[in-house]
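All residue numbers refer to positions in the sequence shown, counting from 1.
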Amino acid sequence: MALVLSTHFDFRKTYFLFSGIAGVNPHYATIGSVAIARYAVQVALQYEIDPRSLPQDWPTGYISYGRDYPLQYPSVTYGTEVFEVNDNLRQAAFLMAANSSLKDRKGPQEYRSKYYGSSRQNSMAAKAPSVVLCDIATSDVYYSGTKLAAAFENTTTLWTNGSGTYCMSAQEENASLEVMVRAAIESLVDFARIILVRAGSNFDRPPPGLSDWEHLKRTDQNGFLIAIENLYTAGINIVRGIIYDWNCTYRKGIEPTNYIGDIFGSLGGEPDFGFGSITKGKKVNPGGQNLGLAAVEMERRERFGPRAVLK
C-alpha cells in the first residue's frame with residue numbers, strides 16, 4: 001500500500017507480477033512446477049471446528065461464515081474471499097512462460113517418484129516440473145495433509161462457482177490483491193495488469209505410505225531451491241515478453257473479457273462467483289462515496305442470505 005500511494009511513481013500502466021513459493025497439489029502439478037492463476041481464494045476465512053469433535057459423516061471441520069454445515073456458500077462475506085484477474089493476460093503470460101527451461105534436482109525427483117502409479121489423480125506429481133494454469137488457495141495457517149488439502153480444494157471450487165482449480169497454496173496473495181483493488185478504485189493502478197505466479201516447493205499432501213505428520217516433517221522434498229529458480233526463469237520470460245511487445249500490445253494493455261476484481265464487484269461489473277455486485281454493477285467511487293449503498297446491500301445479505309445457496 002505504501003508503494004502504490006507513493007507520489008514518486010505512476011503505476012497506471014504498470015504490470016504487477018506477484019510470485020512466491022507454494023505447497024503444490026499433486027493432482028495438477030509437481031515440485032518445481034510454476035502455476036499462473038486466474039483466482040486467489042482465501043480458503044481459511046471460515047469457521048473451524050476441531051476435527052476430533054466432528055460428526056462422523058462430516059468431510060471437514062471448515063464451515064463458511066453464516067452457514068451451519070460444510071460445503072455451503074458463505075452468506076456473510078468480508079470481501080477478500082475471492083479475487084479474479086485478467087484471464088486474457090494470464091493466457092498471454094502462460095505462452096511467454098510455457099517454454100521456460102525449468103530446473104530439477106535429484107531430491108525432488110526421488111520424492112515425487114513416491115506418487116508414481118498411486119492413482120490417476122496424482123499422475124502430474126511424478127512428472128518433471130512444467131508451467132501450468134491453475135489457481136491459488138491462501139491461508140495464514142501452513143496446512144498439510146490429505147483431508148485439509150481436499151477440504152480447501154473443495155472450498156476453491158465452491159467459492160469460484162465451479163470454475164477455479166486449486167493447485168498452489170499461499171499466504172500473501174489475497175492481502176496483496178485487496179491493496180490492488182483499493183488502489184484501482186482510486187485509479188492508481190490498472191487491475192487488469194496483474195499476473196499471479198506460484199511455484200511448488202513441497203507437496204500439500206503425502207504420497208501413499210506416509211502419514212500427514214511424516215510428510216510434513218520430511219526434508220527430502222528439497223523443492224525450495226528449484227521453486228525459487230523456476231519462479232525467476234518463468235517470470236523473467238514474462239517480463240521480457242511484455243517489454244519486447246510493449247509498443248504493439250502491452251502499452252495499451254490486454255482487455256479482459258472475464259470479470260476482474262473482488263467478490264463485492266468493487267471495480268464494476270458482476271462477479272461470476274459469489275452473489276453479485278454490492279453496488280449494482282457500478283464501480284465503487286473514489287473515497288468510498290457510494291459505500292452507503294454497499295452497506296445497505298451487505299446488511300440485507302446478512303439478514304436474508306445470498307440469492308442462491310450452492311449445494
**Asked** Honestly curious: do F16 and V197 fall in one hydrophobic cluster under the side-chain, below-4.5 Å linking rule?
**Response** no
**Request:** Could you list the residues that satisfy salt bridge (charged side-chain N to carboxylate O under 4.0 Å, His left out) with D68, not counting sequence neighbours?
**Result:** none
**Prompt:** Which heavy atom of A93 sits nearest a heavy atom of I195, and at what distance?
**Reply:** CB-CG2, 4.1 Å
**Item:** Exercise: identify the closest heavy-atom pair between R218 and E214
**Value:** CG-O, 2.9 Å
**Request:** For N202 and Q221, run side chain to side chain contact (heavy atoms under 4.5 Å, CB included): C-alpha distance rounded to whole Å, both residues' side-chain angles, the deciding distance at 0.1 Å, then the answer.
**Result:** CA-CA 6 Å; N202 56 276; Q221 295 189 54; 3.3 Å; yes
**Asked** Side chains of N237 and S100: is there a donor and an acceptor less than 3.5 Å apart?
**Response** yes
**Request:** Return the set of residues passing side-chain hydrogen bond (donor to acceptor under 3.5 Å, both in side chains) with D87 (not counting sequence neighbours), or none when no residue passes.
**Result:** R90
**Request:** Could you list the residues that satisfy salt bridge (charged side-chain N to carboxylate O under 4.0 Å, His left out) with R105, not counting sequence neighbours?
**Result:** E229
**Message:** Using the rule given for side chain to side chain contact (heavy atoms under 4.5 Å, CB included), can you reason through V41 versus I136, listing the C-alpha separation, both sets of side-chain angles and the distance that settles it, and then say yes or no?
**Reply:** CA-CA 6 Å; V41 182; I136 296 168; over 6 Å; no
**Item:** Of N25, D212, T146, the residue whose pairing with R205 passes side chain to side chain donor-acceptor pair (under 3.5 Å)
**Value:** N25
**Message:** In the structure I gave you, are the side-chain heavy atoms of I36 and I238 within less than 4.5 Å of one another anywhere?
**Reply:** yes
**Prompt:** Taking side chain as C-beta onward, heavy atoms only, is K114 less than 4.5 Å from P26?
**Reply:** no
**Prompt:** Does the distance from a Lys or Arg side-chain N to an Asp or Glu carboxylate O, for R182 and E178, drop under 4.0 Å?
**Reply:** yes
**Request:** Would you please say whether a donor-acceptor pair under 3.5 Å links the side chains of Y166 and T155?
**Result:** no
**Prompt:** Taking all atoms of both residues into account, what is the closest heavy-atom pair of F94 and V131, and its distance?
**Reply:** CE1-O, 3.3 Å
**Side chains of R67 and S75 in contact at under 4.5 Å (non-hydrogen atoms)** = yes
**Message:** Is there a side-chain contact between V284 and F264 in this structure, where contact means two heavy atoms from C-beta onward sitting under 4.5 Å apart?
**Reply:** no
**Request:** Group every Ile, Leu, Val, Met, Phe, Trp and Tyr by side-chain heavy-atom contacts under 4.5 Å, then state whether L95 and Y244 land in the same group.
**Result:** no
**Asked** Is it true that a side-chain atom of T156 and a backbone atom of T165 form a donor plus acceptor pair closer than 3.5 Å?
**Response** no
**ring-ring contact (aromatic ring centres under 6.0 Å, His included) against Y47, all qualifying residues, sequence neighbours excluded** = Y65
Listing, residues 49-56 side-chain donor-acceptor contacts under 3.5 Å, not counting sequence neighbours, or none:
from, atom 1, to, atom 2, distance (Å)
D50, OD1, R52, N, 2.9
D50, OD1, R52, NE, 3.0
D50, OD2, R52, NE, 3.4
D50, OD2, R52, NH2, 2.6
S53, OG, D50, O, 3.0

**Request:** Indicate, with yes or no, if Y15 and V181 share a hydrophobic cluster defined by side-chain heavy-atom contacts under 4.5 Å among Ile, Leu, Val, Met, Phe, Trp and Tyr.
**Result:** no
**Item:** Result of checking L3, D190, L188 against F11 for side chain to side chain contact (heavy atoms under 4.5 Å, CB included)
**Value:** L3
**Asked** Which is it for L133 and Q91 under the side chain to side chain contact (heavy atoms under 4.5 Å, CB included) test, yes or no, and what are the steps along the way?
**Response** CA-CA 8 Å; L133 293 170; Q91 297 292 338; 3.6 Å; yes
**Item:** Non-neighbouring partners of D272 that pass salt bridge (charged side-chain N to carboxylate O under 4.0 Å, His left out), sequence neighbours left out
**Value:** R38
**Item:** Atom of M124, atom of V132 and distance for their closest heavy-atom approach
**Value:** CE-CG1, 4.5 Å
Please output the side-chain donor-acceptor pairs of residues 250-257 that fall under 3.5 Å, not counting sequence neighbours, one pair per line with the distance.
from, atom 1, to, atom 2, distance (Å)
R251, NH2, N247, OD1, 2.9
T257, OG1, N88, ND2, 3.2

**Message:** Keeping E270 on the side-chain end and G265 on the backbone end, is there a donor-acceptor pair under 3.5 Å?
**Reply:** no
**Request:** Just jot down the side-chain hydrogen bond (donor to acceptor under 3.5 Å, both in side chains) partners of D135, sequence neighbours excluded, or say none.
**Result:** none
**Request:** Any chance you could lay out the side chain to side chain contact (heavy atoms under 4.5 Å, CB included) test for F18 and M180, step after step, and finish with the verdict?
**Result:** CA-CA 11 Å; F18 292 99; M180 300 304 286; 3.9 Å; yes
**Request:** Describe, in one word, how the ring planes of W159 and Y73 are oriented to each other, choosing from parallel (under 30°), tilted (30 to 60°) and perpendicular (over 60°).
**Result:** tilted
**Any residue meeting side-chain hydrogen bond (donor to acceptor under 3.5 Å, both in side chains) with N258, in chain and number order, not counting sequence neighbours** = E84
**Prompt:** Any side-chain heavy-atom pair from T138 and F83 closer than 4.5 angstrom?
**Reply:** no
**Asked** For E172, what residues pass the salt bridge (charged side-chain N to carboxylate O under 4.0 Å, His left out) criterion, not counting sequence neighbours?
**Response** R198
**Prompt:** Counting only N and O atoms by type, is there a donor-acceptor contact under 3.5 Å from the side chain of D10 to the main-chain atoms of R12?
**Reply:** yes
**Item:** I278 side, atom CD1; S266 side, atom OG - distance, nearest 0.5 Å
**Value:** 5.5 Å
**Y142 reachable from M168 in the ILVMFWY side-chain graph, under 4.5 Å edges** = no
**Request:** Could you list all the ring pair (Phe, Tyr, Trp, His ring centres under 6.0 Å) pairs where at least one residue sits in residues 205-241, not counting sequence neighbours?
**Result:** Y111-H215
**Request:** Locate the shortest heavy-atom distance separating R112 from I31; write the atom from each residue and the value.
**Result:** NH2-O, 3.0 Å
**Message:** Using 0.5 Å steps for rounding, measure from the CG atom of L89 to the CG atom of L196.
**Reply:** 9.5 Å
**Prompt:** Should side-chain heavy atoms under 4.5 Å link Ile, Leu, Val, Met, Phe, Trp and Tyr, which residues sit in the same cluster as Y28?
**Reply:** none
**Message:** Let me confirm one number: the CG-CG distance from L231 to L102, rounded to the nearest 0.5 Å.
**Reply:** 10.0 Å
**Fill in**
Closest non-hydrogen atoms of A137 and V43, given as atom of the first, atom of the second and distance, are CB-CG1, 3.7 Å
**Request:** Examine distances only and state if a side-chain atom of N86 and a backbone atom of A192 form a donor-acceptor pair shorter than 3.5 Å.
**Result:** yes
**Prompt:** Is there a path of hydrophobic side-chain contacts, each under 4.5 Å between heavy atoms of I, L, V, M, F, W or Y residues, that connects L177 with L5?
**Reply:** yes
**Request:** Quick one: sort the Y115 and F203 rings into parallel, tilted or perpendicular, breaks at 30° and 60°.
**Result:** tilted
**Separation between CD of E153 and CG of D204, rounded to the nearest 0.5 Å** = 8.0 Å
**Prompt:** In Å and rounded to the nearest 0.5 Å, what is the OG to CD distance from S64 to E81?
**Reply:** 9.0 Å
**Asked** Short question: side chain of N230, backbone of I226 - any donor-acceptor pair under 3.5 Å?
**Response** yes
**Request:** Would you give the length of the straight line joining atom OG1 of T14 to atom CZ of R193, rounded to the nearest 0.5 angstrom?
**Result:** 8.0 Å
**Any donor-acceptor pair under 3.5 Å from T30 side chain to A125 backbone** = yes
